[in-house]
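Take a look at the following structure, please.
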There are 2 protein chains.
Amino acid sequence: MPSRIEQLCRDKGLKMTGQRRVIAQVLSAAQDHPDAEELHRRSMSIDNRISLATVYRTVRLFEDAQILERHDFRDGRARFETAEDGDEHHHHIINVRNGEVVEFEDEELETLKRRIAADLGFKIVGERLELYCLPIGDDEGVEK
Amino acid sequence: MPSRIEQLCRDKGLKMTGQRRVIAQVLSAAQDHPDAEELHRRSMSIDNRISLATVYRTVRLFEDAQILERHDFRDGRARFETAEDGDEHHHHIINVRNGEVVEFEDEELETLKRRIAADLGFKIVGERLELYCLPIGDDEGVEK
DNA sequence: GTTGATGCAAAATTTTTGCAAGATG
DNA sequence: CATCTTGCAAAAATTTTGCATCAAC
């Protein structure tokens with residue numbers, strides 16, 4: 001049985017190459033938010049005939065197909081995770097002390113965002129919300 | 001009388017060079033969110049002895065000093081605007097049809113964000129919230 | 001006068017692309 | 001077997017940096 005991502009690819013008429021299958025598998029397995037090079041590294045460990053260029057091409061493709069989401073956590077490179085189905089949404093808290101990423105979701109927040117956009121005459125088609133935080137009690141003094 | 005930005009620089013013990021003064025002036029005057037190259041272009045029109053490298057060095061410096069905010073609206077380069085005083089906050093709606101950026105603020109949203117972070121044991125020290133939108137009634141079909 | 005800032009050009013980083021060769025449907 | 005995809009290496013785009021010179025305090 002084909003994976004969810006594989007199914008999505010077929011639905012869009014994309015060819016299922018070995019490389020795409022591997023990258024999809026790596027993305028599905030990832031519990032974190034790897035960047036392109038990390039995706040490449042993990043993919044290579046499954047099948048070493050995958051180039052970094054293909055990883056870049058594939059994430060762009062998967063992004064267009066809404067198979068994954070591209071993030072930018074201010075560390076200079078794009079990072080990726082599988083997109084969730086339907087209208088679920090989560091956002092990220094980035095612990096600036098150590099780079100740890102915590103996910104959260106909040107229905108009240110979803111409603112409020114939509115209301116704010118609607119009041120200005122807009123419909124949300126994409127979004128980004130990141131909170132850069134320190135653990136409570138940790139009183140600043142973060143080094144570069 | 002020195003500008004607000006100039007005062008902030010002095011407070012941090014930074015030297016007030018002609019270049020920094022010009023870049024500060026350009027930032028203050030900007031009603032939009034220029035990128036480094038645009039800042040350089042505008043600065044050059046005031047004083048053409050300013051290099052792009054200095055613009056990059058200066059925005060990093062100003063960012064550390066919380067004189068400006070660095071944004072990333074998914075067009076590949078960083079964009080800048082002066083930071084507001086105190087705890088005011090605004091966020092951005094990006095019209096994906098034409099790239100137009102609309103600013104908004106909402107007190108309820110501020111409260112909610114803080115509550116969400118606090119519930120997870122975090123204190124917000126920085127954030128980012130962007131809503132990528134289409135005007136209501138404009139039914140998709142956005143070209144690359 | 002010291003210390004920090006600048007300009008220039010070269011380098012670094014991340015991402016994209018041309019093209020010939022290979023795999024997919 | 002036509003078309004799409006890949007690998008490679010080169011290019012592009014943005015940002016950073018080394019170093020000699022210059023300016024601010």
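Every heavy atom of this structure was used, including side-chain atoms; hydrogens, water molecules and symmetry mates were not. Chain letters run A, B, ... following the sequence lines, proteins first, then strands; residues in each count from 1.
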Check: Do the non-hydrogen side-chain atoms of Phe122(B) and Leu131(A) ever get within less than 4.5 Å of each other?
Finding: no
Notebook entry, point to check: With Glu100(B), which residues qualify under side chain to side chain donor-acceptor pair (under 3.5 Å), at least two apart?
Noted result: Asn95(B)
Check: Whole-Å distance between dC25(D) P and Glu6(B) CD?
Finding: 9 Å
Note to self: Tell me the interatomic distance from Glu63(B), atom CD, to dT15(D), atom C1', rounded to whole angstroms.
What the structure shows: 13 Å
Check: Rounded to whole angstroms, how far apart are NE2 on His71(B) and P on dT14(D)?
Finding: 19 Å
Notebook entry, point to check: To the nearest angstrom, how far is Leu61(B) atom CG from dA5(C) atom P?
Noted result: 7 Å
Margin query: Please enumerate all residues that pass side chain to side chain donor-acceptor pair (under 3.5 Å) together with Asp11(A), with sequence neighbours excluded.
Written below: Gln7(A)
Next item on the list: Would you please confirm or rule out a distance under 4.0 Å between OP1 or OP2 of dG4(C) and any side-chain N or O of Thr17(B)?
Entry: no
Notebook entry, point to check: Who pairs with Glu69(A) by side chain to side chain donor-acceptor pair (under 3.5 Å), at least two apart in sequence or on another chain?
Noted result: none
Next item on the list: Give every residue pair that meets the side chain to side chain donor-acceptor pair (under 3.5 Å) criterion with at least one member in residues 12-29 of chain B, sequence neighbours excluded.
Entry: Glu6(B)-Arg21(B)
Checklist line | Separation of atom CG in Leu52(A) from atom C1' in dT14(C), rounded to whole Å | finding: 9 Å
Next item on the list: Check DNA chain D against residues 20-48 of chain A and give the residues with a non-hydrogen atom under 4.0 Å, in numerical order.
Entry: Arg20(A)
Checklist line | Value in whole Å for how far the C1' atom of dT5(D) lies from CD1 of Ile50(A) | finding: 13 Å
Note to self: Let me spell it out: for each of Lys15(A) and Ser51(A), pick the nucleotide of DNA chain D with the closest heavy atom. Which residue's pick is nearer the 5' end?
What the structure shows: Lys15(A)
Next item on the list: For Leu14(A) and dT5(D), give me the distance from atom CG to atom P, rounded to whole Å.
Entry: 7 Å
Notebook entry, point to check: Between dT14(D), dG25(C), dC8(D), which nucleotide has the shortest distance from any of its atoms to the side chain of Arg10(A)?
Noted result: dG25(C)
Note to self: Under 4.0 Å from OP1 or OP2 of dT17(D): is there any side-chain N or O of Arg60(B) that close?
What the structure shows: yes
Item checked: Residue whose nearest DNA chain D nucleotide is more 5′ - Ala53(A) or Asp75(B) -> Ala53(A)
Checklist line | Whole-Å distance separating the CZ atom of Arg57(B) from the C1' atom of dC22(D) | finding: 13 Å
Margin query: Which label fits His90(A) and His92(A): parallel for a plane angle under 30°, tilted from 30 to 60°, or perpendicular past 60°?
Written below: perpendicular
Notebook entry, point to check: Applying salt bridge (Lys or Arg N to Asp or Glu O under 4.0 Å), which residue pairs with at least one partner in residues 25-34 of chain A are found, sequence neighbours left out?
Noted result: Asp32(A)-Arg42(A)
Next item on the list: Would you mind telling me which of dT6(C), dT14(D), dT15(C) lies closest to the side-chain atoms of Tyr56(A)?
Entry: dT15(C)
Checklist line | DNA chain C: 5'-proximal contact among Met16(A) and Gln19(B) (nearest heavy atom) | finding: Gln19(B)
